[in-house]
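Have a look at the structure below before the remarks.
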Amino acid sequence: METSPLALAVASTIVGVLPKDVALSVEEVAGLLGPTPKPELGDLAFPCFRLAKALRKGPPQIAQQLAAQLAEAGGSGVVTEAIAAGPYLNLRVELGHAAALVAGPLAEGQPPPADAQSQRVMVEYSQPNTHKAFHVGHMRNLCLGDAIVRLLRADGYPVVAANYLGDVGAHIAKCLWWYLDVLDDAGRQPPDEARGEWLGELYSAASNQLDEWKDAADGGDEEARARLEAARARTTEILQKLEARDPELTEVWQRTRQWSLEEFDEIYRWCGVEFDRVFYESEVDEPGLAIVQEFLDRGVFVQSEGAVGIFNEEVKHMPFFMLRKRDGTGLYATKDLALARLKFEEHEIDRSIYVVDTRQSDHFRHVFLTLAKMGFPQAGQCEHVPYEMVELPSGPMATRKGNVILFRTLRERMTSHLIDSYLAKYRGQWPDEEIERTAHQVALGAIKFGMLARDVNQKIVFDMEAWLALEGDTGPYLQYGAARYASILRKAEAADKVLDPALPHDAARLHAAGAALTQLEERQLVLELAQLGPQVHRAAQDLRPSVLCTYLLGLAKAMNRFANAKHCHVLSSEGALLDGRLLLVQAALEGMRWGLGRLGIEAPARM
RNA sequence: GCGCGUGUAGCUCAGCUGGAUAGAGCGUCGGCCUCCGGAGCCGAAGGCCACAGGUUCGAAUCCUGUCACGCGCGCCA
């Protein structure tokens with residue numbers, strides 16, 4: 001939904017008095033409507049700049065003229081007042097209509113409607129490597145990809161959520177070298193839990209040792225050089241044996257790989273993330289090399305210094321895109337070609353989105369250019385969604401240097417902090433199970449919102465203490481707004497004040513309920529709520545969950561202002577005013593819940 | 001060197017399809033629980049929107065250039 005039903009209703013009133021020589025549709029006028037800088041000025045502003053040329057008049061005169069015409073046409077329902085203010089036409093809406101349009105459907109749990117789209121979209125994200133630890137940096141990608149999937153679905157698109165696990169490559173050879181050759185039988189015994197993380201430690205140890213030997217060897221240490229050479233030979237051997245499906249090594253690979261996969265599954269479960277398809281690098285390894293041979297034979301790819309690749313002159317600073325090394329083995333890029341083909345053919349997708357950090361921008365430019373030259377019609381519909389890295393105050397996260405915060409650490413600290421600082425007081429009052437579940441939901445809300453609220457091209461410097469401070473612009477602030485509203489409704493129900501389920505279907509009562517809302521906080525909340533659909537649509541179209549985050553902060557602010565205002569008290573209201581307030585509270589609660597849901601965040605009933 | 005990105009309040013960031021006196025959170029200072037949740041609300045102080053040109057009735061926003069910082073740049077992923 002590009003514009004709200006409220007904006008459309010207002011726009012249609014304006015179009016009714018627009019001079020004939022202005023060819024603006026209701027949708028176009030609705031698109032031009034925006035908020036006023038101050039609520040005293042009006043609810044919506046119509047800028048008249050666009051009309052100046054067609055009418056050959058100054059915008060201020062046009063605004064004057066429109067204001068006069070609207071006044072003459074009388075209270076046409078939704079617009080009650082139109083005041084020219086310079087080049088703007090400021091409009092006051094009638095809350096009976098506005099609330100009926102905006103709050104009526106929401107209160108019944110109907111999210112803003114979206115047009116059904118036929119374009120089938122695949123979103124690939126997460127892509128962690130097995131045999132490595134899952135840290136907070138991986139979390140940004142996971143949250144982004146998941147939110148994009150949810151946003152596109154909310155916007156009407158059929159979406160295939162895809163993961164792509166790195167289960168082959170040099171890092172695995174290093175890990176297995178350490179596991180097989182360096183550890184003894186006792187050392188090879190994995191822990192009962194977090195085995196994937198344990199593998200990550202082995203990888204890290206191996207990597208550090210190799211770096212150490214390399215430094216020493218560069219410094220002239222011959223013994224280190226010998227050890228380094230031997231280790232390198234061994235990791236190469238492991239890699240080759242794995243590629244040759246050596247039974248013994250394949251068994252070790254499968255067993256250890258499984259430890260990582262189980263850990264990822266557990267993390268995804270905790271995060272509430274589900275994939276429709278999981279690809280593995282190991283399944284596109286050989287197909288990738290076959291593609292290289294095929295297109296080398298067809299003359300699309302070329303040989304260069306013994307390697308095979310393609311010259312994409314479009315990428316001026318680095319035209320050669322290597323697809324097969326001199327030794328005949330493939331690269332990351334090789335697999336990406338096979339993966340792309342698999343996506344197109346297996347899932348018949350029309351559009352393919354890759355959520356991968358910004359350092360890979362050149363890589364994906366090459367991949368997409370190459371796919372186009374290979375003749376894939378969907379190549380033009382491939383899109384890289386880049387995002388900046390998560391760093392620590394001490395610098396970029398590096399597993400090898402130990403400068404890393406594991407996701408498990410963040411999760412545990414956030415959860416225990418929530419219980420200790422906020423939820424412990426409910427022990428005995430609430431079921432233990434609810435306390436645990438709430439801690440989980442709020443921890444997830446804090447983490448996901450923290451990862452999503454920042455624009456993708458801003459890097460995130462992760463500071464644990466700052467993340468644990470849950471005041472201000474945070475996920476829990478949004479959840480708090482919802483919990484507070486749920487609490488109002490619970491108390492109202494206890495006082496036998498409930499929203500009549502028939503009210504949203506009774507036009508006269510619905511209008512009366514809305515019209516009874518005369519307070520500024522009520523008006524502002526209705527206007528804010530009207531933006532839910534348009535903002536979700538924009539976030540989906542731009543593939544930017546941060547757009548929705550920003551909007552939801554504004555909604556929560558409006559919700560809390562209403563809840564805090566003594567003169568907007570729900571429980572002490574009666575009649576149409578009570579109906580109106582119950583309607584508004586219910587609508588805002590549902591709207592916030594639904595909006596949070598598009599970010600993959602749940603709103604607990606109390607917290 | 002080339003490419004991509006960033007530069008807005010003390011700090012972290014919105015705003016960037018051009019439009020009304022540039023907004024928010026944190027921090028600082030000052031208020032608000034005899035009535036729906038203080039994870040909240042209200043107010044104050046705080047800004048040559050990196051710099052210089054240009055386009056325009058109008059520029060934080062578009063164009064050009066400069067500076068600073070980050071990332072990437074053939075046999076890693």
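Within every chain, numbering begins at 1; the chains are lettered A, B, ... in the order of the sequence lines, protein sequences first and strands thereafter. Note: hydrogens, waters and symmetry copies are ignored here, and every other heavy atom, side chains too, is used.
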Touch class at under 4.0 angstrom, heavy-atom based, for Lys491(A) against every strand present: sugar-phosphate

RNA chain B stem ranges, 3 or more consecutive Watson-Crick or G-U pairs under 3.5 angstrom: B:1-7 with B:67-73, B:10-13 with B:23-26, B:28-32 with B:40-44, B:50-54 with B:62-66

Sugar-phosphate only, base, or nothing, as touched by Met607(A) at under 4.0 Å among non-hydrogen atoms: base

Can you give me every donor-acceptor pair (side chain of residues 459-478 of chain A, partner residue at least two apart or in another chain, under 3.5 Å) with its distance?
unit_1    : atom_1 : unit_2    : atom_2 : d
Thr474(A) : OG1    : Tyr477(A) : N      : 3.2

Most 5' of Ser546(A) and Lys132(A) on RNA chain B, judged by nearest nucleotide: Ser546(A)

Rounded P spacing from G23(B) to G15(B) in Å: 15 Å

Sugar-phosphate only, base, or nothing, as touched by Ala45(A) at under 4.0 Å among non-hydrogen atoms: base

Per-pair stack call Tyr477(A) and A39(B), 5.5 Å, 30°: no

For atom CH2 of Trp467(A) and atom C1' of G25(B), their distance in whole Å: 15 Å

Glu493(A) and Arg490(A) ion-paired at < 4.0 Å: no

Between P of C36(B) and CG of Leu577(A), the distance in whole Å: 17 Å

G10(B) versus G47(B) - spacing of their C1' atoms, nearest Å: 11 Å

Atom-pair distance (CE on Met592(A); C1' on A39(B)), nearest Å: 13 Å

Sugar-phosphate, base or nothing in reach of Leu582(A), heavy atoms under 4.0 Å: nothing

Sugar-phosphate only, base, or nothing, as touched by Pro476(A) at under 4.0 Å among non-hydrogen atoms: base

Between A44(B) and C49(B) - P atom distance, rounded Å: 22 Å

Taking N or O atoms only and anything under 3.5 Å, show me the protein contacts with nucleotides 7-14 of chain B, one pair per line.
unit_1 : atom_1 : unit_2    : atom_2 : d
U12(B) : O2'    : Arg454(A) : NH1    : 3.4
U12(B) : O2'    : Arg454(A) : NH2    : 3.0
C13(B) : OP1    : Arg454(A) : NH1    : 3.2
C13(B) : OP1    : Lys459(A) : O      : 3.4
C13(B) : O5'    : Arg454(A) : NH1    : 3.3
A14(B) : OP1    : Asp455(A) : N      : 3.1
A14(B) : OP2    : Gln458(A) : NE2    : 3.3

Rounded distance in Å between the C1' positions of A60(B) and A52(B): 16 Å

With Leu499(A), the side chain to side chain contact (heavy atoms under 4.5 Å, CB included) member among Val585(A), Leu489(A), Leu578(A), Leu583(A): Leu583(A)

Sugar-phosphate only, base, or nothing, as touched by Thr36(A) at under 4.0 Å among non-hydrogen atoms: base

Touch class at under 4.0 angstrom, heavy-atom based, for Arg359(A) against every strand present: sugar-phosphate

Sugar-phosphate, base or nothing in reach of Leu489(A), heavy atoms under 4.0 Å: nothing

Residue pairs, two or more places apart or on separate chains, that pass salt bridge (Lys or Arg N to Asp or Glu O under 4.0 Å) and touch residues 42-57 of chain A: Asp43(A)-Arg92(A), Asp43(A)-Arg523(A)

Sugar-phosphate only, base, or nothing, as touched by Tyr426(A) at under 4.0 Å among non-hydrogen atoms: base

Sugar-phosphate, base or nothing in reach of Tyr551(A), heavy atoms under 4.0 Å: nothing

Same-atom distance (C1') from U66(B) to C73(B), integer angstrom: 24 Å

Sugar-phosphate, base or nothing in reach of Met318(A), heavy atoms under 4.0 Å: sugar-phosphate

Integer-rounded Å distance: C76(B) P and Asp211(A) CG: 15 Å

side-chain N/O Lys566(A) vs C33(B) OP1/OP2, d < 4.0 Å: no

Val278(A) and Leu165(A), any side-chain heavy atoms less than 4.5 Å apart: yes

Pi-cation contact, Tyr280(A) with Arg257(A) (under 6.0 Å, within 45°): yes

NZ/NE/NH1/NH2 to OD/OE distance under 4.0 Å, Lys557(A) and Glu521(A): no

Touch class at under 4.0 angstrom, heavy-atom based, for Glu281(A) against every strand present: sugar-phosphate

Distance in angstrom units between Gln61(A) CD and C57(B) P, rounded: 16 Å

side-chain N/O Lys325(A) vs C76(B) OP1/OP2, d < 4.0 Å: yes

Residue closer to the 5' end of RNA chain B, His569(A) versus Ala556(A) (nearest nucleotide): His569(A)

Would you mind writing out the side-chain donor-acceptor pairs for residues 27-42 of chain A within the sub-3.5 Å range, not counting sequence neighbours?
unit_1   : atom_1 : unit_2   : atom_2 : d
Glu28(A) : OE1    : Ser25(A) : N      : 2.8
Glu28(A) : OE1    : Ser25(A) : OG     : 3.3
Thr36(A) : OG1    : Lys38(A) : O      : 2.9
Thr36(A) : OG1    : Gly42(A) : O      : 2.8

Touch class at under 4.0 angstrom, heavy-atom based, for Asp336(A) against every strand present: nothing

Separation between the P atoms of U34(B) and A22(B), rounded to whole Å: 38 Å

Gap between atoms CG and P, on Leu32(A) and G18(B) respectively (whole Å): 11 Å

Arg606(A) side, atom CZ; Thr438(A) side, atom OG1 - distance, nearest 0.5 Å: 8.0 Å

Anti versus syn assignment for C33(B), with syn defined as within 90° of 0: syn

Separation of A22(B) P from Lys38(A) NZ (nearest whole Å): 11 Å

Glu522(A)/Arg581(A) ion pair, N-O < 4.0 Å: yes

Stepwise salt bridge (charged side-chain N to carboxylate O under 4.0 Å, His left out) check, Glu388(A) with Arg140(A): CA-CA 9 Å; Glu388(A) 275 291 345; Arg140(A) 186 173 197 180; over 6 Å; no

Tell me which donor-acceptor pairs under 3.5 Å the side chains of residues 313-323 of chain A have, and how far apart each pair is, sequence neighbours excluded?
unit_1    : atom_1 : unit_2    : atom_2 : d
Glu314(A) : OE1    : Lys373(A) : NZ     : 3.2
Glu314(A) : OE2    : Lys373(A) : NZ     : 3.3
His317(A) : NE2    : Asp362(A) : OD2    : 3.1

Separation of A77(B) P from Leu323(A) CG (nearest whole Å): 13 Å

Touch class at under 4.0 angstrom, heavy-atom based, for Thr329(A) against every strand present: nothing

OP1 or OP2 of G38(B) under 4.0 Å from side-chain N/O of Arg484(A): yes

Side-chain N,O (Ser487(A)) to OP1/OP2 (G37(B)) below 4.0 Å: yes

